[in-house]
Amino acid sequence: MCGIVGYIGHREAFPVIIKGLQRLEYRGYDSAGIALYDGTQINMAKTKGKVEDLKKKSAKISQAGHLGIGHTRWATHGEPNDVNSHPHYSNSGELVIIHNGIIENYEAIKQELGTRGYVFHSDTDTEVLVNLIEEVKKTEGVKLGKAVQIALNQVVGAYAIAVFDIKKPDEIVVAKLGSPLAIGIGDNEFFIASDASPFIEFTNNAVYLEDEEMAIVRLGKEIKLRKIKDDAVAYPRILELQMNLEEIEKGGYEHFMLKEIYEQPRAIQDTYRGRLLADQGLIRMAGIDQNLEKFINANRIIIVACGTSWHAGLVAEYIFEDLARIPVEVEYASEFRYRNPVITDKDVMIAISQSGETADTLAAIKLAKEKGAFVFGVCNVVGSSIARESHAGAYTHAGPEIGVASTKAFTTQITVLTLMALKLAKEKGAFSQSRFHEYLTELETIPSKVEKALESNPLIEIISDVYKDSPNCLYLGRGYNFPVALEGALKLKEISYIHAEGYPAAEMKHGPIALIDEQMPVFVIATKKGHYEKVVSNIQEIKSRKGKIIAIVTEGDEQVRELADHVIEVPETFESFTPLLTTIPLQLLSYHIAVMRNCNVDQPRNLAKSVTVE
């Protein structure tokens, strides 16, 4: 959940690390810190708050030095304050560490180290780890790299760490288990970060550590990679990054979230580009083509995901069962492995994650693989852990998503899953060639229809002003748009802090209708395709109880317009494609309401973009 940055080379480290932390702030932002070595001493600044607060505090220390590490935190052990912020010193003051993850057995280690005279100043598991490394280094008489390896074989948990020793100012030791870590390789300089965004302007070459790997990064030397458990030599695979600097800047938008909402037409197109060949009547997906029999012969598909990705999985359940006629179960990854699930080698698991680093989803993948299931990953980040752990998969190609509340991740995940379902429907004979061609042709029009839906933004801003002070909201949808109702409610909760709940529209009368009065806004997805008359009946039930109705309708709808207090139109499309359009106004509503409430849209409280701890 935290963001880590390190630098060693010919540049001044401070500006590289500070800018890198700002780009990683989506990973956690309740506290931040930096440590710089200027050749004679370590200069450290730490503070509760954001990276901007750290910049101000850093004015009080020397910013000189070509070696440094920095950290932006999402608190696990110890409340967010100056003392618990990273980096952390060892007792001698010679070792300095930053850490993303959780050391589960830190309390036992802390007690043992306490008996050996170690004193702890913070409540963190990280300070325990750096002192364990120091104790190993001292008692075993080994260098820092070996001490890190021995120490990590004694801990239980997850980590991405970077640590340096002032006695060896030409190297940084890094290691990974469960949390992402990338090493950028420049011209006699190295960058260390949770993802590539902090160093993309300096180098396109990166090495991503695998789980249970460590690396010694030393000036004038090639990266030295080892397996933590058995000290076996590993060989770094240098990847050429496709990311560009413009993708991680706001590009004139007030917030990343708004930029990413407006990027969706292009992102959806980029996702199906090269895969959807409507003129040829084809869908090409290597991960499916090479494993077609696994899907065709599957007893069922199990979809695992968390948060917004789970909602995309619910949409996929409708798509796969409706079009491809394959049974689907959708599971919260965070619950999946704790209920002793029944998994066989006839099952296919689809694991969905924007970051590709979601800890719960990775744990579900590992369990499924142990049981013999075939695992197909759907993620956005090239080279991420889920991409590597899956047997096969598909990238969404959404481009970097910086806003903590996912937007384009949701629509591009649905796009990939739709392509998969359509391809399997055709392969299984559930579709005729003519019907298949109709679906491909319609899917190609979705980006332009999303652009049309975005034109309602001025109206949505007006509606947002009406309901910005509402303490509670309901979201209702049926069929394909029930998951969109859940996603709309989640977005409002995440960034505006208004309590909101999503329900299947038919379930309203089974309890939630008791909440409806003249103060309750109810957002209803009522497109012409899919149970339209039933949804109209639900709207009438709300109206008779004086609830405020905000309806998402198909262009030209008059029946709902007569009943609703506000109407937002989206273009007409096939029922299975409607979630790609109906989610757009709900994203914009959440965005504008949050801005009007003076909330931090890109960095909502208590959240982080990538959940890399269970």
Side-chain angles (χ1 to χ4, degrees), residues 1-9 11-29 32-36 50-51 54 66-74 86-87 96-101 126 158-164 171-187 189-211 213-217 219 223 225 236-245 247-249 354-357 380-385 387 400-402 608-610 612:
M1 300 282 271
C2 307
I4 67 176
V5 182
Y7 177 77
I8 184 169
R11 305 175 197 271
E12 290 293 326
F14 178 80
V16 174
I17 293 170
I18 286 292
K19 185 178 285 188
L21 290 177
Q22 288 174 322
R23 290 179 181 163
L24 289 179
E25 209 164 15
Y26 71 87
R27 298 181 63 83
Y29 35 82
I34 190 169
L36 304 162
K50 298 183 182 296
V51 176
L54 177 62
H66 303 285
L67 165 65
I69 54 177
H71 189 272
T72 178
R73 184 172 184 244
W74 188 86
H86 300 209
V96 186
I97 195 172
I98 49 177
H99 169 218
N100 172 23
T126 305
Y159 52 78
I161 65 167
V163 58
F164 71 85
E171 75 175 30
I172 300 175
V173 177
V174 298
K176 171 199 181 318
L177 174 60
S179 296
L181 195 64
I183 303 170
I185 304 170
D187 184 11
E189 61 179 348
F190 296 97
F191 306 83
I192 294 152
S194 298
D195 69 36
S197 61
F199 55 77
I200 192 63
E201 65 206 81
F202 303 110
T203 180
N204 287 322
N205 297 319
V207 171
Y208 288 87
L209 291 193
E210 300 285 350
D211 274 352
E213 282 186 352
M214 60 175 289
I216 298 174
V217 177
L219 287 179
I223 295 173
L225 223 59
R237 186 163 65 95
I238 300 174
L239 298 178
E240 185 175 349
L241 302 172
Q242 303 302 313
M243 187 189 305
N244 61 65
L245 190 59
E247 289 180 313
I248 57 174
E249 301 293 346
Q354 188 282 139
S355 67
E357 301 292 347
N380 188 38
V381 180
V382 176
S384 58
S385 296
E401 189 181 65
I402 308 300
K609 183 70 176 173
S610 179
T612 58

query = Backbone N or O of Ile4 within a donor-acceptor pair of the Ser194 side chain at under 3.5 Å?
reply =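 Indeed, once roles are kept as given, a pair shorter than 3.5 Å links the two residues.
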
inquiry  = Closer than 3.5 angstrom, by distance alone: can the side chain of His71 be matched with the main-chain N or O of His99 as a donor-acceptor pair?
reply    =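 Judged by distance alone, yes, a pair lies under 3.5 Å.
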
Measure the shortest side-chain to side-chain distance between [X] and [Y] over non-hydrogen atoms and say whether it is less than 4.5 angstrom.
{"X": "Val381", "Y": "Gln354", "result": "yes"}
{"X": "Ile223", "Y": "Ile238", "result": "no"}
{"X": "Pro198", "Y": "Val16", "result": "no"}
{"X": "Val174", "Y": "Leu209", "result": "yes"}
{"X": "Lys176", "Y": "Asp211", "result": "yes"}
{"X": "Ile172", "Y": "Phe190", "result": "no"}
{"X": "Asn100", "Y": "Tyr159", "result": "no"}

Looking at every heavy atom in both [X] and [Y], which two are closest together, and how far apart are they?
{"X": "Arg11", "Y": "His66", "value": "O-ND1, 2.7 Å"}
{"X": "Val173", "Y": "Met214", "value": "CG1-CE, 3.8 Å"}
{"X": "Val96", "Y": "Ala35", "value": "CG1-CB, 3.9 Å"}
{"X": "Ile185", "Y": "Thr203", "value": "O-OG1, 2.7 Å"}
{"X": "Val51", "Y": "Ile18", "value": "CG1-O, 4.0 Å"}
{"X": "Gly33", "Y": "Pro87", "value": "C-CD, 3.6 Å"}

Out of curiosity, [X] [atom1] to [Y] [atom2], how far, rounded to the nearest 0.5 Å?
{"X": "Asn205", "Y": "Phe199", "atom1": "CG", "atom2": "CZ", "result": "9.5 Å"}
{"X": "Ile8", "Y": "Phe191", "atom1": "CD1", "atom2": "CZ", "result": "11.5 Å"}
{"X": "Ile216", "Y": "Glu171", "atom1": "CD1", "atom2": "CD", "result": "5.5 Å"}
{"X": "Ile183", "Y": "Leu225", "atom1": "CD1", "atom2": "CG", "result": "6.5 Å"}
{"X": "Arg23", "Y": "Thr72", "atom1": "CZ", "atom2": "OG1", "result": "14.5 Å"}

message = Is it true that Ser384 and Glu357 share a donor-acceptor pair across their side chains at a distance under 3.5 Å?
response =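 No, no side-chain donor-acceptor contact under 3.5 Å.
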
ask   = With a 3.5 Å cut-off and no angle check, do the side chains of Glu240 and Asn204 form a donor-acceptor pair?
value =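 Note: Glu240 and Asn204 side chains miss the donor-acceptor criterion.
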
query = Of Ile69, Leu36, Ile192, which is the lone residue that meets side-chain contact (heavy atoms from CB on, under 4.5 Å) with Ile17?
reply =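 In the set Ile69, Leu36, Ile192, the residue that makes a side-chain contact (heavy atoms from CB on, under 4.5 Å) with Ile17 is Leu36.
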
Residues, nucleotides or ligands: over 12 heavy atoms within 6.0 Å of Lys50 NZ =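 Enclosed: over 12 neighbouring heavy atoms sit under 6.0 Å from NZ of Lys50.
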
